[in-house]
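All remarks here apply to the structure that follows.
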Amino acid sequence: MVRIKKNEVAVFAIGGLGEIGKNMYCVQYQDEIIIMDCGIKFPEDDLLGINYVISDYSYLIKNRKKIKALVVSHGHEDHIGGIPFLLEKIPEIPVYATPFALALIKGKLDEHGILKTTELHEEYEDTVLTFDKLSVTFFRTTHSIPDTLGIAVHTPLGAVIFTGDFKFDLTPVMNQPAPDFQRMAKLGDEGVLALLSDSTNAEVSAFTKSERFVAKSLNNIIKGIDGRIIFATFASNLYRVSTAVEAAIETGRKIAIFGRSMENGIQNGIDLGYLNVPKDLIVDANEINRLKPNEAMILCTGSQGEPLAALSRIADGTHRQISIQPGDTVIFSSNPIPGNTLSVNHLINKLMEAGANVIHGKVNNVHTSGHGGQEELKMMVRLAKPKYMIPVHGEYRMQVIHTHLAQDAGVPKENTFVLSNGEVVAFSPEGSRIAGHIPAGDVFVDTSGTADVGNVVVRDRQILSEEGLVVAVATVDSKHQRVLAGPDILSRGFVYMRESQDLISQAQKNVYHVLRTQMAKKPRPSENDIRKAIIANLQDFLYARTERRPLILPMIIEKK
């Protein structure tokens with residue numbers, strides 16, 4: 001239950017707290033709501049068959065008439081990936097995003113068939129959005145993707161600032177401008193009510209290295225490679241793509257692109273003027289095998305070990321156009337997203353087994369974080385001078401450390417909040433309070449693109465993978481209280497039936513007994529009640545004999 005008073009500004013996260021990903025933050029004042037970002041989270045290994053996780057939008061659906069805008073800080077998946085699912089529920093929300101982020105969003109909306117029905121607007125650092133009671137302005141930051149902005153929602157009590165993902169890169173690449181420190185400081189002088197700041201690197205003590213440092217390192221590495229190069233990175237990381245393109249030009253290599261998202265990302269970069277790619281540099285994917293090894297570079301997706309991405313298929317030998325050759329060098333210009341470490345390590349092993357030389361990790365300086373370290377986080381607090389501090393975008397320990405950094409930078413301890421998703425903090429002239437909790441659970445999207453698969457389905461998948469399945473089948477005549485056929489017991493992934501005859505035989509007897517007992521009851525129980533009785537009996541019996549809990553599926557066929 002949420003109780004927000006008329007003079008209070010409410011701030012809450014529907015995703016992004018206690019986790020990496022699913023970023024979605026809201027400011028509410030009276031009858032107006034501003035949404036900042038709407039992302040996805042990549043699933044952990046135990047979420048079988050789940051492609052990604054989105055937020056529970058039920059509070060926003062219930063309060064849809066109050067929503068004035070969805071404003072986007074930048075174009076990474078954990079900040080824009082949930083937008084199509086939100087707009088399928090609330091299609092009337094206007095979306096504001098920077099040019100590169102908007103290009104990526106349009107591609108997603110087109111895939112979902114809702115591009116033509118969505119109200120889209122470009123935003124820039126000097127854009128001002130004005131509503132009856134709230135307004136929104138922006139300030140320039142730097143990250144690992146072009147066009148990144150911080151967001152300031154102006155309320156009667158002061159600005160609520162959301163930094164987005166940021167670091168203070170004073171020498172960005174691709175002619176991107178440096179962070180706008182003056183604008184940040186001006187917001188601080190005007191009065192910041194609350195700062196929602198990126199906590200991803202709250203545990204990292206140093207300043208984050210500039211993208212230009214990585215560009216020089218990659219350029220030197222590529223120049224020293226004689227064989228074919230396979231360069232894997234995020235499709236949205238145009239900085240790394242730009243570095244690869246420049247190195248290919250300098251070393252006389254042609255580039256082939258593998259992966260639809262990489263193709264789309266490069267095309268968006270070219271269209272928006274961020275990438276300068278000579279026409280003769282890119283060759284058709286089918287041409288790459290005809291080039292000499294020292295004349296070829298492959299740009300591809302799959303740096304996170306995704307099984308269907310181009311790099312994984314190349315490593316498996318299932319890609320129809322290319323396979324690993326002795327002398328190939330694979331460069332991973334990214335770090336594993338939390339939850340993907342095992343997949344990435346497995347992919348690296350497969351590439352090396354196939355004969356490739358693999359370059360990855362910080363030791364080779366082929367990647368730098370897009371998130372600021374502790375000194376940058378403290379600098380942001382000093383610039384903004386917030387009355388209240390709310391660490392966002394990070395796991396719990398990162399949020400806690402970030403509050404300590406904020407306290408070191410001058411924010412009183414009692415004015416820092418370590419919140420969880422759905423927890424609402426309300427600010428008023430008198431102070432602050434926790435004003436309740438809104439629904440903010442996880443919603444699962446499976447491989448078919450279906451949202452809200454449900455916790456029960458995911459739990460069943462986990463049980464199936466770990467404990468197996470037992471099916472109990474019987475044909476009954478409930479009217480005459482008879483078991484006409486069976487019960488038969490089938491095991492899949494639980495026990496090998498030929499070697500477990502005694503167990504199977506006793507399980508059949510148990511099910512037969514349950515059926516006779518249930519059918520004899522007055523009044524006659526429903527089929528669902530009988531199924532529950534069979535499940536309960538077999539669960540206890542099988543656990544007592546095997547100490548395992550398989551998924552049990554009773555199938556009762558009623559004679560007509």
Side-chain angles (χ1 to χ4, degrees), residues 36-37 71-76 79 97-103 122-128 136-152 159 161-190 192 195-202 204-219 233-234 236-243 245-246 268-269 272-276 333 365 367-386 393 405 409:
M36 298 177 288
D37 289 352
V71 289
V72 174
S73 65
H74 67 285
H76 277 147
H79 293 260
T98 54
F100 187 56
L102 198 62
E122 284 191 350
E123 68 187 21
Y124 302 91
E125 60 185 281
D126 58 353
T127 298
V128 179
V136 182
T137 61
F138 304 88
F139 57 93
R140 187 172 65 248
T141 62
T142 48
H143 185 43
S144 57
I145 187 174
D147 291 350
T148 57
L149 295 176
I151 300 167
I161 288 181
F162 169 50
T163 65
D165 294 357
F166 81 96
K167 66 177 180 180
F168 291 145
D169 191 342
L170 303 181
T171 57
V173 297
M174 282 178 53
N175 296 319
Q176 286 285 294
D180 190 346
F181 295 107
Q182 289 181 316
R183 176 63 182 147
M184 298 177 207
K186 184 179 179 183
L187 284 168
D189 292 339
E190 292 171 350
V192 173
L195 174 65
L196 282 63
S197 185
D198 173 16
S199 306
T200 308
N201 273 356
V204 179
S205 59
F207 273 88
T208 302
K209 290 179 180 178
S210 169
E211 190 67 37
R212 194 171 295 276
F213 173 81
V214 175
K216 290 179 180 177
S217 177
L218 280 170
N219 202 287
T233 189
F234 290 110
S236 60
N237 195 338
L238 290 190
Y239 296 158
R240 304 293 163 74
V241 172
S242 174
T243 296
V245 168
E246 291 174 3
N268 287 331
L272 293 169
Y274 294 132
L275 288 178
N276 182 19
S333 190
N365 294 321
H367 179 70
T368 185
S369 177
H371 305 269
Q374 291 182 352
E375 297 305 314
E376 288 149 289
L377 300 184
K378 287 188 285 188
M379 186 182 294
M380 178 63 80
V381 174
R382 290 291 190 186
L383 288 167
K385 297 189 285 286
H393 195 319
L405 298 173

inquiry  = Can you confirm whether more than 12 heavy atoms, excluding those of Asn175, are under 6.0 Å from its CG atom?
reply    = no
ask   = Is any side-chain heavy atom of Leu218 closer than 4.5 Å to a side-chain heavy atom of Ser333?
value = yes
Those residues that, when tested against Glu123, pass side-chain hydrogen bond (donor to acceptor under 3.5 Å, both in side chains) (two or more places apart) = none
Atom CD of Gln182 with >12 non-hydrogen neighbours under 6.0 angstrom = no
Residues that Arg183 engages under salt bridge (charged side-chain N to carboxylate O under 4.0 Å, His left out), provided they are two or more places apart = none
query = Are any non-hydrogen side-chain atoms of Phe207 and Lys167 less than 4.5 angstrom apart?
reply = no
Any residue meeting side-chain contact (heavy atoms from CB on, under 4.5 Å) with Ser242, in chain and number order, not counting sequence neighbours = Met174, Glu246, Leu275
inquiry  = So, using ring-ring contact (aromatic ring centres under 6.0 Å, His included) as the criterion, who are the partners of Phe139 when residues are at least two apart?
reply    = none
message = Strictly by salt bridge (Lys or Arg N to Asp or Glu O under 4.0 Å), give each pair with a member in residues 367-377 just once, sequence neighbours left out.
response = Glu375-Lys378
request  = Applying side-chain hydrogen bond (donor to acceptor under 3.5 Å, both in side chains) between Ser369 and each of Asn201, Thr200, Thr208, report the one that passes.
outcome  = Asn201
ask   = Which residues satisfy the side-chain contact (heavy atoms from CB on, under 4.5 Å) test with Arg212, sequence neighbours excluded?
value = Thr171, Val173, Ser210, Lys216
Side-chain touch Glu211/Pro172, heavy atoms, less than 4.5 angstrom = no
